[in-house]
Amino acid sequence: MNERPDDSKGVVLTPEQERARRSRSIAIALALGAFVVLFYIVTLVKGPGVLNRPL
Amino acid sequence: MAGTGGMTASALPAARPEPSIASVSDYLALLKPRVMSLVVFTALVGLVVAPGHIHPVIGFTALLCIAVGAGASGALNMWYDADIDALMTRTAKRPIPLGRVAPGEALAYGATLSGFSVMTMGLLVNWLAAGLLAFTILFYAAIYTAWLKRLTPQNIVIGGAAGAFPPMIGWAAVTNSIGLESILLFLIIFFWTPPHFWALSLSRANDYARAGVPMLPVVAGAAETRRQILVYSALMLPIGLLPWLCGYTSALYGVMALIGGAAMLTFAIRLNNADSENAAEQAARHLFAYSVLYLTVLFAALLVDYGLAWSFGRIAW
């Protein structure tokens, strides 16, 4: 029978993979934060007319 | 999936893929930042010279959406073309051929950014600009990348339209319409693209031939490509002048367009008349470098012209 790899520890990341994942996570967090801030600022700029979008 | 389908089975991800080592810079590279910078600049010009008022925050949002949309279409292009990118020297170091980003990751990334950029443009700016942005992304990813690029030597002529839309999107962001002026800006980039790209492809003909991409130098040869570059450069001169001839700019822009267009034509004539392979290669490199400067100066002249007209009134000839 073929031996199956030991999956009991799950996927163990190398230091390089961990660093890359951390930098990607920070970038995604910053992008999402900027996205929320952008919508907040535009809401302030447009005021009550924020829902009036020309078609 | 013709593009990634072109990869060998061994290059496809295994049942349990290795955890990604892609860094943030790999994901930024997928956005083709150098192409994006010219896209953003031409879109900025379209936005600034458009009649009417746009709040700076909304204008910034429109440019951001255009930048992200352009980047997204670049990521989709790299996903689809991963197989041929791996075969060409110029593109072999892109994140997918290097194995740093998996094709599926690039596809998801491109599709997500496309959706976000179009929806944000629609919700925060207007839906005409959003529709044009969506059409541009679709045109670049589907019409140019997936269809024309591997089909015809006219790929870059028709596909070049994708790069010509950004000033029109900038214009639509302000006016919620498509004016004749924005169509002129479209035409300038549309006719500028073939000589710009063919000058590059002349020195990369072997790369394209190896990858099986029917670029003009591969299919029709270097001499015919040089002749076509000359024809398009000759067309560029009057087209560059159109905004002035139609009365939309002052003589300042007209003079800049005349000098810039004449210089472009001179570079094209030198390329066409080159008497040796080395001279032709050097002339092609010069033309390619100058073409970027030419388009930048042309659009910068529009900005300056607009600024002067705003500050001091139109300069009459």
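Everything numeric in this text was worked out from a predicted model, so none of it was measured. Within every chain, numbering begins at 1; the chains are lettered A, B, ... in the order of the sequence lines, protein sequences first and strands thereafter.
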Could you check if a side-chain atom of T42(B) sits within less than 4.5 angstrom of a side-chain atom of L185(B), using non-hydrogen atoms only? no

Looking at A129(B), is its backbone amide N or carbonyl O close enough to the side chain of N126(B) to form a donor-acceptor pair, meaning the two atoms are under 3.5 Å apart? yes

Applied to residues 99-114 of chain B, the side chain to side chain donor-acceptor pair (under 3.5 Å) test, sequence neighbours excluded, yields D26(B)-R100(B)

Verify the distance criterion only: is there a donor paired with an acceptor across the side chains of N77(B) and T145(B) at less than 3.5 Å? yes

Could you list which of residues 21-34 of chain A have a heavy atom closer than 4.5 Å to any heavy atom of chain B, in residue-number order? S23(A), R24(A), A27(A)

First locate atom CG of L124(B), then atom CD1 of I41(A), and finally report the distance between them rounded to the nearest 0.5 Å. 11.0 Å

Set of residues satisfying ring-ring contact (aromatic ring centres under 6.0 Å, His included) with respect to F39(A), sequence neighbours excluded: F35(A)

Kindly assign one of parallel, tilted or perpendicular to the pair F135(B) and F165(B), based on the angle between their ring planes and the thresholds 30° and 60°. perpendicular

Roughly how far, to the nearest 0.5 Å, is CH2 of W171(B) from CG of L184(B)? 9.0 Å

Which residues in residues 45-59 of chain B have any heavy atom lying under 4.5 Å from a heavy atom of chain A? H55(B), V57(B), I58(B)

Distance col, row K32(B):NZ vs S37(B):OG, nearest 0.5 angstrom, shows 13.0 Å

